Amino acid sequence: MKQKLDFIINSNDALNKQIFLLKVSPKNGAPLPDMYPGQFVHLLVHDSSSIFLRRPLSINYFDKEKNEIWLLLLSAGGGTKRISEMKAGESINLIFPLGNSFSLPKPRQKILLIGGGVGTAPLLFLGKRLLSEGFEPEFLLGGRTAIDISQLEHFERTGKVYTTTEDGSLGEKGLITHHPVLEETKFDKIYTCGPRPMMVAIAKYAAHNEIDCEVSLENHMPCGFGACLCCVEKTKRGNICVCTEGPVFNIKELKWID
Amino acid sequence: MKQKLDFIINSNDALNKQIFLLKVSPKNGAPLPDMYPGQFVHLLVHDSSSIFLRRPLSINYFDKEKNEIWLLLLSAGGGTKRISEMKAGESINLIFPLGNSFSLPKPRQKILLIGGGVGTAPLLFLGKRLLSEGFEPEFLLGGRTAIDISQLEHFERTGKVYTTTEDGSLGEKGLITHHPVLEETKFDKIYTCGPRPMMVAIAKYAAHNEIDCEVSLENHMPCGFGACLCCVEKTKRGNICVCTEGPVFNIKELKWID
Amino acid sequence: MDRLKVNIGKLELRNPVMTASGTFGYGDEFTDFIDLSRLGGIFVKGTTLEPRQGNDYPRMAETASGMLNSVGLQNKGVDYFLSDIYPRIKEYDTHMIVNVNGSTLEDYVACTEALADLDKIPAIELNISCPNVKEGGMIFGISCTSAANLVKAVRKVYDKTLIVKLSPNVTDIAEIALAVEAEGADSVSLVNTFLGMAIDAEKRKPKLSTVTGGLSGPCIKPIALRMVWQVYKAVKIPIIGMGGISNWKDAIEFILAGSQAIQVGTYNFINPTVSVEIVDGILEYMDRHNIDSINDLVGKLDY
Amino acid sequence: MDRLKVNIGKLELRNPVMTASGTFGYGDEFTDFIDLSRLGGIFVKGTTLEPRQGNDYPRMAETASGMLNSVGLQNKGVDYFLSDIYPRIKEYDTHMIVNVNGSTLEDYVACTEALADLDKIPAIELNISCPNVKEGGMIFGISCTSAANLVKAVRKVYDKTLIVKLSPNVTDIAEIALAVEAEGADSVSLVNTFLGMAIDAEKRKPKLSTVTGGLSGPCIKPIALRMVWQVYKAVKIPIIGMGGISNWKDAIEFILAGSQAIQVGTYNFINPTVSVEIVDGILEYMDRHNIDSINDLVGKLDY
Ligand SMILES: Cc1cc2nc3c(=O)[nH]c(=O)nc-3n(C[C@H](O)[C@H](O)[C@H](O)COP(=O)(O)OP(=O)(O)OC[C@H]3O[C@@H](n4cnc5c(N)ncnc54)[C@H](O)[C@@H]3O)c2cc1C
Ligand SMILES: Cc1cc2nc3c(=O)[nH]c(=O)nc-3n(C[C@H](O)[C@H](O)[C@H](O)COP(=O)(O)OP(=O)(O)OC[C@H]3O[C@@H](n4cnc5c(N)ncnc54)[C@H](O)[C@@H]3O)c2cc1C
Ligand SMILES: Cc1cc2nc3c(=O)[nH]c(=O)nc-3n(C[C@H](O)[C@H](O)[C@H](O)COP(=O)(O)O)c2cc1C
Ligand SMILES: Cc1cc2nc3c(=O)[nH]c(=O)nc-3n(C[C@H](O)[C@H](O)[C@H](O)COP(=O)(O)O)c2cc1C
Ligand code: FES
Ligand code: FES
């Protein structure tokens, strides 16, 4: 069941100049419902002229004990900049939990989670979930430079981590899609989130190597819950809403590879 | 010379639930130019959907030593509410100093400054100025209830103070225009600022008693510096701009009394 | 709650607050947030005779206090509506009104006929103002003759309450309203979106796949309000006003300007509970101003 | 700075950034804030043959991302302009263009004639789109015939650059643009304000003394941009675009949509230095995108 609820910002930490980790809890203290990796929240910043619509953000982690949602935010434009400037104690309104979620792998599948830039956001939650379900997730994380790769310590606590940076400041130098692990290891399942060109390249790699692959899309979303039909992706079933039937899609459903 | 300049909020104190005293200084530390009682600033709050236009506020006091402007703010609508929530350290942009100013009385004139509610704002600056010029200003301050009368201690340090409240919680009970001092004392000059009906009543009283009287108007002001022609008052010279030829008018110029 | 009752044609609404077509899905999307029975009515998605895939993504651009959309009437067609949607939504305890669209006069008539006998669809809203499809839509809404012809044809096959949705992209909206009133429309609803455009300066490309799209949200409210007022002074049939309504105050303004009822559109995306908050706000306003019936406010602008 | 040079009729502008009539006074109001010689031109206050007191206060209402005004062409008349204002403003080192208004065709012609011989007024902008006066203004701008007749009459008495300012309150703005182009207008400027309205719900009164007024500011930008684009596709004469421009990005968007030059209006009130900031921003944009001449961007929307 979707809810609209006021949250209080417990903390907002700059991980680098552009990436922020917000931890938020319901203002009314009510226990949060179950949430699943891949789902997102739709965030409203009150009284801002640069944000008319809500802003979708993946659930980076759901800390059930602390009744706290983590949001990993890239300050990309006017709206996210404004959010990044918010301080602990301020309140924000969320609609949540929205969207579908990543599917669980089959038992004993070898799994790789590939995240580019802030696209790692949903993968931390997914990784932790997979770990707790008995899987052994591995991570391939990439960015332009070392500081673009956030929450490395959290990922390292969750599974094996490979990294790439375009400038070589961390891990392999080059594009994430050229990391040797993709050549050397045969994974059974890939989950990925990041810039669209990266995801398309990975989808092609996965399709070519007959690896099951799920991607998380970031189409623009006015409503986030199926009311406006603006967030559509062209799929084999026609134009369908990413906010309700996604954001996670198996690449077989998409028209990325032909 | 008018300037557009970023200011930093040194402090923002709630004097009561709705009235706030903001003290602001130029961000760049530059010494403020001369300013005169009656002049106002035009304040922009950044990135707010409820404030498109700037908001005019009287200069409540200019502390030359501290290079600081005081603004006395009533949280009246969306814009002023938003300003009232700003915190020390935040910045605001001002266009200033704008408008004309109160004229000085003639030597030895007996002077009364009448302020209703937050209309007392420009009168503190005026009172201090008059005092420093060797006059003995007296003040008649009114409000609905005691806490509506702000900065009483400052006024008391500047001259004799009479008060009225509608509920009798401070000074005389009743409307400001019925205060006995207006019957008992013959003033030579009255300066007034407050709700329009109050100012009109005082203007009529002054005209009837042949007292020289200046009022400070609060017409809505999109630009504040003569560019839009929206803030006009009907005067004996036709429609004229309150932001440039006012906000202070001698009642003889207005068409309030017929 | 009788204080809020209003009539639109043969329709009696529990209250004047309804939700706008294309912004409220089929109602289902909002059941987690609000009790639909608290609404006067729901205008469901734009429906056409044949299924439509709509326009390509991107279909949306955010603008100052508003947004552009070019959804382009994506829907599964009236047959699917009858077989798969109607059975579900007919259970809702509020008026479900279908927004009817077409490329040709014949389309509109056929789509209307398919809906005419549905017990729980007491009215249709004829959309002659969609700016987002190449054929049909707005073309009918910007000339008096074509609007009148269309309404005449639909009126022949439809006995229930016929609401005609007007385009704001015209020189004289009152003239179009008069033309459709003359052909027997029971009510006019206005406004649909304004034709607008957004450009990505860095990419030098339009932000919408269709270049232009429909502007909605608070930014258009002053123009929409003016149009309601102009139409109110011209016609006798009830007006359903909309355009940028985001709170009860906006709703009251539209009612004072002459709206018998109102629709909330884009703001449902931002605040999915806004419609019922508006119902509450109107009641409080009426209490504060000692108003017995909402009808006493319609068009009561004191000017 | 030649990279920014553009031509409008016989006029050569230093750069395409100008300020809109009614929002920039006579330029004087801004000399404390900016160096006027950095602007391509200044469109001064709406001027009429006879002095006008304008409409009653209140003349302004704030709206979502915009404002309504009903100033109603308050000005001291063209004779006062000649005797008292012109001698002062002719010293400014930028093009000073007068916005000409009237109630009748004869008014417009007479006002134009009075300005025709002024050395330092190289162009006029014929305002056929003011929504805030009972007679004249918009009436001329909403029909092709009346717009054409007016332009024909003024063209006869005016040899310099004749810019015609179009109303957005029409079904088909391109049609009007074509009509005035056919009569010899050197350029069209668009858009003027949209007719809108605001109501005080608590007082149940209009917020403007005139009930309706003209809407301007960022809220109208998407519609204005669309209109520029439509007109660009229709006419050959240069277009001066405006409507909600508040930064260089907006200016680039208007240029890409087909504006040869732009005007900044309402935003001057909020940021009196915005016009020169836009000049700087355009230059930086051109550097970043390796663009030699601003003319290479006009209408270059990639769609
Ligand atoms: C399901 C989903 C999950 C997301 N998760 C995250 C996350 O965890 N962390 C994070 O930093 N970002 C995430 N994003 C992207 C984030 O929503 C955008 O960066 C943000 O909306 C940009 O807003 P802006 O005002 O800063 O940028 P602007 O470019 O000024 O935005 C203009 C408009 O475009 C939309 N828009 C622009 N970029 C995007 C984008 N990439 N995706 C969706 N809409 C966009 C905005 O919502 C807004 O309506 C997610 C997006 C989706 C759809
Ligand atoms: C020269 C001058 C000096 C002023 N000095 C002070 C002062 O020292 N302290 C103080 O608290 N207030 C002062 N005011 C009034 C103050 O500007 C308004 O209360 C404020 O603009 C209201 O904005 P809002 O968004 O809170 O209210 P809203 O009602 O939401 O404002 C809507 C619009 O109306 C305008 N408006 C509303 N009320 C007024 C008003 N009374 N005067 C002018 N414009 C108004 C706003 O500027 C805005 O454009 C002064 C006004 C003027 C003209
Ligand atoms: C995403 C979206 C889709 C819309 N689809 C339709 C539609 O199918 N039929 C219709 O008549 N109007 C449609 N509209 C217009 C709205 O019903 C309404 O007329 C308009 O948005 C103005 O109201 P608002 O400002 O409250 O949104 C749509 C609007 C939006 C934003
Ligand atoms: C207060 C005000 C006064 C105006 N007066 C005139 C005028 O006298 N003549 C005219 O052609 N346009 C006038 N306009 C319209 C502007 O020139 C411009 O066309 C319009 O405001 C749209 O641009 P903007 O959104 O940048 O303000 C006026 C606008 C405002 C806000
Ligand atoms: S964002 Fe509105 S339907 Fe997906
Ligand atoms: S506020 Fe613009 S002229 Fe006075």
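Keep in mind that what you see is a predicted model, and the values were worked out from it rather than measured. The sequence lines fix the lettering, A, B, ..., with proteins before strands; numbering per chain opens at 1.
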Compute the centroid of each ring, for C:W229 and then for C:F254, and state whether the two points are separated by less than 6.0 Å.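 Not under 6.0 Å, so no.
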
Checking side-chain polar atoms at under 3.5 Å, does [X] have a donor or acceptor matched by the opposite partner on [Y]?
X: D:E183; Y: D:N149; answer: no
X: D:E277; Y: D:N271; answer: yes
X: D:Q230; Y: D:D172; answer: no
X: D:S129; Y: D:N192; answer: yes
X: C:S65; Y: D:S65; answer: yes
X: D:T171; Y: C:T171; answer: yes

As an exercise: rank [options] by heavy-atom pairs under 4.5 Å with chain D and give me the winner.
options: C:P168, C:S167, C:P206, C:G217; answer: C:P206
options: C:L68, C:T63, C:I252, C:N169; answer: C:N169
options: C:T212, C:D200, C:D250, C:V170; answer: C:V170
options: C:G196, C:A257, C:G213; answer: C:G196

Residue [X] versus chain D: region with a heavy atom under 4.5 Å:
X: C:K205; result: both
X: C:A61; result: neither
X: C:L195; result: both
X: C:I223; result: both
X: C:V211; result: side chain
X: C:F194; result: side chain
X: C:L225; result: both
X: C:I220; result: neither

Do you know which of D:P222, D:A251, D:S246, D:G244 has the most heavy-atom pairs with chain C at a distance under 4.5 angstrom?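 Winner by heavy-atom pair count: D:P222.
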
Pick from D:K300, D:R226, D:R288: which one has the most heavy-atom pairs with chain C under 4.5 Å?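 Looking at each of D:K300, D:R226, D:R288 in turn, D:R226 comes out on top.
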
Atom group of D:L215 that falls short of 4.5 Å from chain C, counting heavy atoms: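 Looking at D:L215, just its side chain touches chain C.
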
Which bit of D:L297 is near chain C, if near means a heavy-atom gap under 4.5 Å: side chain, backbone, both or neither?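 Answer is side chain: those atoms of D:L297 sit under 4.5 Å from chain C.
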
Given 3.5 Å as the limit, does a donor-acceptor pair link the side chain of C:S259 with the main chain of C:I262, or not?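 No; zero donor-acceptor contacts below 3.5 Å.
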
Is any NZ, NE, NH1 or NH2 atom of the basic residue among D:K249 and C:E202 found under 4.0 Å from an Asp or Glu carboxylate oxygen of the other?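 So D:K249 does not pair with C:E202 through a salt bridge.
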
Do the side chains of D:E253 and D:K221 get close enough for a salt bridge, i.e. N-O under 4.0 angstrom?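 Yes, charged N to carboxylate O under 4.0 Å.
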
